[in-house]
Amino acid sequence: MNSFIEQAQRRIRESAAVAPGEHAPTLPGLDKLSHARASLPDATKADYLSGRGPEDTLAHLLNDIVPGFNGENRSGRYWGFVTGSTLPIAEVADNIVSAYDQNVQVHLPNQTISTEVEDAALKMLLRLLNLGEPEQWEGRTFTTGATGSNILGLACGREAVITSRLASSSESVGEIGLLRACMKAGIDEIQVLTSMGHSSLSKAASVVGLGRASIKLLPFSEAEPWRLDIDAVERELQRKNVASIIAISAGEVNTGRFATTGVEDMQRLRHLADQYRAWIHVDGAFGVFARTLPLKDEFSSLHQANAGLELCDSMTIDGHKLLNVPYDTGIFFTRRASTLNDVFKNPNAAYLSSGNTSQIQSPLNIGLENSRRFRALPVYAVLMSEGRLGISRMMERMVITARAIARAIRSCGDDYVLLPDAGSRLDSFDDNTHIVVLFRAKDDALNKVLVQRINEGNEWYVSGSSWDGKPAVRVAVSSWRADSEDAFNTVKRSLMAISQAHRDSQS
Ligand SMILES: *Cc1c(COP(=O)(O)O)cnc(C)c1O
């Protein structure tokens, strides 16, 4: 069996390898997808679930299934969604995770080092992102991603804003439930105040019993809808019998822009939250990695937008996006471990207790899962391998590449327009661009099919979005393979060809 795995790993790497300077296709092609689909088991056939054995199955996976995958990890120009890719050291670490299959559930210091490695990775991340000392972030854990972390954030926020209004400090929502706790606390409504919060925030609100309708958008203005109107927040916080969670989009997913504009905004929000017993959750899935950028003029707007975010009560960070570790990896930080414990405690299972008195919490008491993957190891490996400087350079490469793409779009003459409304503020546009670029074609007919035209070219891949009620194209650079020169040339050549072909078809 050993030689089977060794041989298989060699074949996997041969199949997934990308030669230096080359780009894997962004999409697999419909023929490959049809082939993969036709190879899936057919319940009407006699050999269904007949057990093919490992050799045959490996051949099936590599020859039939793998060609049906997209180029998320291998292309370097897969700029759809915000996907990230996987650094080689992260892939290696992920293979170690599978090879040793540690169950990171209970902190067992005399039996496995895994929980301590997780904690070391979390502490390194806090320091990498300049969020403060680990003692200020006692509640910390790995999740499945930013959605998971947003669920934790709203669950902790819910716990805190309700229990702070309960007469008895021994009661918690986790213990007596949302309905009873709200009645006892005299709360009629819990609202989540945000500006262009990520869609997963609505999902999280539903999961933790607040409801999707609890999300209230408080945009600063029509021109800057991603920015939070703090005056409006203050008015909302004053409503009687209403408890609030303030959810800050630190990196809005369409524009990459930030809900707060600097440390003063965050200080004011902190003050308001303390006064009105509200909770501040920062969704920094990809945006907070701008904190690792070098202190250069060209990044000063991004540093400023990030300033003060550490004043929050809880924070979401994605691992599988900009940090370039495999799915599923997210990170969650909050001030007190006891808040997480109030929500996620897995009580009365003596066989699950570790009997330890160290600072390290058993993951099963501070997160959604009991048994789970050792998802910290790839993060640990990336931080060990790259260090502050390596991460900073990787993030810089992504930002420079996004800005090169914006320049390429601008250089195509009058056919395309950068959003949001770059026309009036071209100078600041570049400085505010993090890793997301939004644009559209000026010609409505072309704009409608633009995403399709780009993606069918199979050189670069983008997501369709909408802005001001019209279709828009979203480019998100989040791979360690980011290459600004190649990106500029590819985008310019491709967009010029697309608009030329469109003109030709019109005449
Ligand atoms: C991607 C993203 C999410 C959701 O993250 P998943 O890792 O896909 O669960 C949440 N918030 C923001 C700001 C994001 O960019």
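Note that ligands are numbered from 1 as they come in the structure, with each ligand's atoms numbered from 1 the same way.
Protein heavy atom at the shortest distance from atom 9 (O) of ligand 1 is T147 OG1, 2.6 Å. Of the protein's non-hydrogen atoms, the one nearest atom 5 (O) of ligand 1 is A146 CB, 3.0 Å.
Which parts of ligand 1 touch F286 is read off a 4.0 Å heavy-atom cut-off, strictly below it: atoms 15 (O). If you number the atoms of ligand 1 from 1 as listed, the ones under 4.0 Å from a heavy atom of G251 come out as 13 (C). Close contacts of ligand 1 with D318, meaning ligand atoms under 4.0 Å from a residue heavy atom, involve 1 (C), 5 (O), 6 (P), 7 (O). Interface atoms of ligand 1 facing H320, defined by a heavy-atom separation under 4.0 Å, are 6 (P), 7 (O). Each of the following atoms of ligand 1 lies closer than 4.0 Å to a heavy atom of D283: 10 (C), 11 (N), 12 (C), 13 (C).
With no hydrogens or angles considered, a side-chain donor-acceptor pair links T490 and R77 at under 3.5 Å.
In this structure, V253 is part of the shell of residues with a heavy atom less than 4.0 angstrom from ligand 1.
Taking the six-membered ring where the residue is Trp, H434 and F258 present tilted rings, their angle falling between 30° and 60°. Using cut-offs of 30° and 60° for the angle between ring planes, the Y327 and H320 rings count as tilted.
Among the atoms of A285, none of the N or O lies under 3.5 angstrom from an N or O of ligand 1.
Nearest heavy-atom pair across N150 and D283 is ND2-OD2, 3.1 Å. Nearest heavy-atom pair, L152 versus T143, reported as atom, atom and distance to 0.1 Å: CD2-CG2, 3.8 Å.
The proximity of S200 to ligand 1, defined as any non-hydrogen pair under 4.0 Å, is limited to the side chain.
Atom 15 (O) of ligand 1 has its nearest heavy-atom neighbour, among M196, K321, H198, in K321.
More than 12 non-hydrogen atoms from other residues, nucleotides or ligands lie less than 6.0 angstrom from NZ of K216.
Judged by distance alone, the side chain of S98 and the main-chain N or O of N95 form no donor-acceptor pair under 3.5 Å.
A salt bridge links R140 with D119: at least one charged nitrogen is closer than 4.0 Å to a carboxylate oxygen.
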